[in-house]
Amino acid sequence: MTTTGTGQDAAGPAVLVQDLSITFPTMDGDVHAVDGLSFEVAPGGALGIVGESGSGKSATSLALMGLHRGTRARITGEIAVAGTDIVSASNARIRQMRGNDIAMVFQDPMSSLHPQYTIGNQLIEAYRTHRPKATRAEAKARAVEALDRVGIPEPSRRVNSYPHEFSGGMRQRVIIAMALMCDPKVLLADEPTTALDVTVQAQILDLLDDLRRDLGMALILVSHDLAVVAGSVDEVLVMQKGKAVEHGEVRRVLSAPEHPYTKALLGAVPRVEVSRAQRRAEVRADRAAREGSEAAEAAVAKGERQEAGAAEAAAAPALERTGATALPEADAAWDPDRDPLLSVDNVRMRFRVRGGMMGKSTDFYAVDGVSFDLHKGETLGVVGESGSGKSTLSRMVMRLLEPTEGKVVFEGRDITHISERSLRPLRRDVQMIFQNPYSSLNPRLTIGDSIGTALRVQGETDGKLIKRRVQELLERVGLEPLHYNRFPHAFSGGQRQRIAIARALILRPKLVICDEPVSALDVSTQDQVLRLLSELQDDFDLTYIFVAHDLAVVRQVSDRVAVMKKGRVVELSDSDSVYEDPQDEYTRSLLNAAPVLDPDEAREHRAERVRLRAEGEEAA
């Protein structure tokens with residue numbers, strides 16, 4: 001099937017892939033990363049390649065660029081880009097083709113840019129590599145033009161800036177500018193928005209769509225999220241285990257998928273229109289159906305949980321004795337059934353920003369006057385872009401940061417300024433699940449040791465009890481007790497996040513702060529982790545603060561939502577009110593930027609964003 005472009009070229013497709021197979025030899029045998037893949041993309045057309053990690057989409061992208069050369073990968077089949085046979089072409093021809101015929105936008109712009117060279121120097125180098133006769137002045141003028149084309153403000157000045165002086169979204173724009181320096185016929189974007197906020201993601205997708213239409217180039221957009229590609233491509237190719245399981249026009253695939261895997265991917269995509277109540281009812285119904293045929297096992301598990309709870313209660317005095325200093329006394333009037341578990345009152349976090357060698361230092365408030373109450377068993381979603389203060393607020397609640405001003409009260413106790421030594425008892429009751437489970441797990445410790453360390457720190461010395469508690473919790477989060485002695489590298493991303501959840505729950509906390517816990521996961525793995533968190537909340541009567549930039553995820557897990565912008569809460573209400581009747585313009589802009597599965601609705605949102613940007617430019 002060939003994508004329909006905006007300007008069909010009689011010379012043939014911009015990209016032609018026929019019966020492509022990619023095999024990687026390993027010590028355990030051959031791994032067939034891609035198996036019999038075929039597709040075409042016309043000049044000006046757009047194809048979305050979608051699949052989970054390990055589906056073969058990135059291996060396909062690298063093969064299109066000829067980046068398999070010099071590796072042990074074995075490639076069979078045909079790959080033609082702008083008429084060049086990638087498999088049989090000489091190395092000189094491949095180098096000439098990259099940048100001129102096809103260019104690639106990688107997922108992480110910071111790792112693609114050299115930190116010691118200015119943006120201008122890196123763009124100039126890319127241009128002169130393919131245009132050796134161009135002077136440096138001509139190349140710099142071209143660099144300024146490319147930066148202006150992708151929406152970098154003041155391009156003639158920013159061309160002299162370094163990568164660290166740009167935000168994540170701006171760095172991604174620089175990478176796109178670099179890819180466009182030689183006017184390629186095909187632009188290959190491999191997960192270009194995965195690590196970006198929802199508004200920045202929308203801006204990058206809008207930019208790619210505008211460039212494709214303005215320049216007439218073909219676009220291949222690789223992603224694990226069907227909602228991301230919905231409004232940006234003409235066709236979708238869904239990959240699973242190296243094979244194309246479904247390929248067709250984007251509206252048809254998203255509205256009437258034929259393959260079970262495509263249906264499963266669509267079912268896993270979080271949707272802004274699905275409320276917390278609907279999602280929780282669905283999770284509970286699925287769990288009841290899953291456990292219905294295992295009533296005996298469920299009863300045994302419940303008994304074991306009760307037994308573990310009794311053992312924990314028996315061990316509690318020993319744990320408390322090891323806490324050298326107790327928490328401050330609770331307010332005598334505090335009632336756990338009526339009063340909030342957590343109360344945050346007008347907290348502020350000030351950082352002193354130095355102004356250089358001769359510059360004057362200034363105060364920067366990462367969090368500026370935030371207040372809210374959180375009751376037992378409730379989930380508060382905190383949403384906002386990078387720099388809004390979400391993570392700083394989380395760390396103040398956790399007391400990893402001491403607030404500059406304001407008050408944090410937990411269970412009626414003021415914990416705002418208590419000492420580090422006095423905080424140890426609090427660590428049992430307040431835990432955090434971090435965004436990147438791999439970086440938060442010690443690669444030299446088995447997962448059993450990583451999870452059990454919290455019990456040891458709190459004073460537990462019985463090794464057999466620790467192992468039993470850890471293995472029980474591993475089983476509860478969907479892993480195997482036998483995994484106790486394995487190391488983090490032996491697990492997938494989703495499994496590592498389950499390990500991080502187990503580590504947070506080993507002390508039976510009352511409040512769990514989830515800081516972007518699913519942002520780095522595939523949609524199906526993300527769905528599994530969110531279901532697990534919901535079930536654990538029912539089982540252990542947990543209270544959550546759920547921090548994220550994905551509005552659809554936040555709605556499905558939150559009873560109330562706080563929207564943050566530049567350190568302040570601009571809107572705080574129950575979840576349904578925030579999403580169905582937002583009061584603040586910033587909240588409305590976030591909702592407009594959220595990806596949707598309906599291609600027509602996605603294009604309507606894009607048109608609305610274009611209109612608002614135009615109005616803003618006129619007002620300025």
Side-chain angles (χ1 to χ4, degrees), residues 1-25 30-51 55-106 126-127 129-132 178-190 211-212 215-222 233-239 241-244 247:
M1 183 177 290
T2 306
T3 60
T4 55
T6 56
Q8 188 83 356
D9 191 335
V15 176
L16 172 65
V17 174
Q18 288 282 5
D19 199 26
L20 173 65
S21 293
I22 304 175
T23 303
F24 296 99
D30 290 346
V31 174
H32 300 284
V34 179
D35 188 5
L37 182 66
S38 299
F39 63 85
E40 295 182 13
V41 186
L47 172 70
I49 301 179
V50 179
S55 63
K57 56 187 190 300
S58 290
T60 301
S61 303
L62 296 174
L64 288 172
M65 293 290 295
L67 294 174
H68 61 282
R69 293 175 178 239
T71 71
R72 299 178 64 198
R74 298 195 302 268
I75 293 187
T76 60
E78 180 184 355
I79 309 174
V81 175
T84 297
D85 186 342
I86 303 299
V87 177
S88 62
S90 66
N91 288 334
R93 175 65 187 114
I94 293 296
R95 284 195 299 270
Q96 183 184 34
M97 177 204 71
R98 294 176 189 148
N100 282 318
D101 295 332
I102 183 170
M104 190 168 187
V105 177
F106 293 93
Y127 187 72
T129 296
H130 296 285
R131 303 285 192 276
M178 186 179 294
L180 297 177
M181 286 293 285
C182 297
D183 292 327
K185 300 177 179 66
V186 180
L187 184 64
L188 177 57
D190 188 4
L211 292 171
R212 173 174 76 95
L215 304 178
M217 64 182 180
L219 173 67
I220 298 178
L221 179 59
V222 179
V233 301
D234 306 314
E235 293 183 2
V236 174
L237 186 149
V238 181
M239 294 188 67
K241 297 179 180 179
K243 294 180 178 289
H247 183 192

(message) Return the CG to CZ distance between Leu62 and Arg69, rounded to the nearest 0.5 Å.
(response) 13.5 Å
(request) Starting at CG of Asp35, measure out to OG1 of Thr23 and round the result to the nearest 0.5 Å. (result) 7.5 Å
(request) Could you verify whether a donor N or O on one side chain and an acceptor N or O on the other, from Arg131 and Asn100, lie under 3.5 Å apart? (result) yes
(message) Run Asp85 and Arg93 through salt bridge (Lys or Arg N to Asp or Glu O under 4.0 Å) and show every step you take.
(response) CA-CA 10 Å; Asp85 186 342; Arg93 175 65 187 114; over 6 Å; no
(request) Starting at CE of Met217, measure out to CG of Leu187 and round the result to the nearest 0.5 Å. (result) 4.5 Å
(request) Drop me the distance from Asp183's CG to Asp101's CG, to the nearest 0.5 angstrom. (result) 11.5 Å
(request) For residues Ala179 and Met104, report the shortest heavy-atom separation together with the two atoms involved. (result) CB-O, 4.3 Å
(message) Please find the pair of heavy atoms, one from Leu37 and one from Ala244, that lie closest to each other, and give the distance.
(response) CD1-CB, 3.6 Å
(message) Check Asp234 with Arg212, please: is the shortest side-chain N to carboxylate O separation under 4.0 Å?
(response) yes
(request) For Gly99 and Cys182, work out which heavy atoms get closest and say how close. (result) O-CB, 3.3 Å
(request) Give the minimum heavy-atom separation between Ala103 and Met65, together with the two atoms involved. (result) C-SD, 4.2 Å
(request) For Gly77 and Val87, work out which heavy atoms get closest and say how close. (result) O-CG2, 3.8 Å
(request) Using side chain to side chain contact (heavy atoms under 4.5 Å, CB included) as the criterion, point out the one residue from Thr60, Leu188, Leu47 that pairs with Val222. (result) Leu188
(request) Taking all non-hydrogen atoms of both residues into account, name the closest pair between Ala14 and Val186 and its distance. (result) CB-CG2, 3.8 Å
(message) Are the side chains of Val236 and His247 in contact, using a 4.5 Å heavy-atom criterion?
(response) no
(request) Would you kindly say whether His130 and Gln96 are connected by a side-chain donor-acceptor distance under 3.5 Å? (result) no
(message) Under a 4.0 Å threshold between the charged nitrogen and the carboxylate oxygen, would Arg74 count as salt-bridged to Asp30?
(response) yes
(request) Hey, could you give me the CZ/CG distance between Phe39 and Leu16, rounded to the nearest 0.5 Å? (result) 9.0 Å
(message) Working to the nearest 0.5 angstrom, can you tell me the gap between Ile102 CD1 and Thr84 OG1?
(response) 10.5 Å
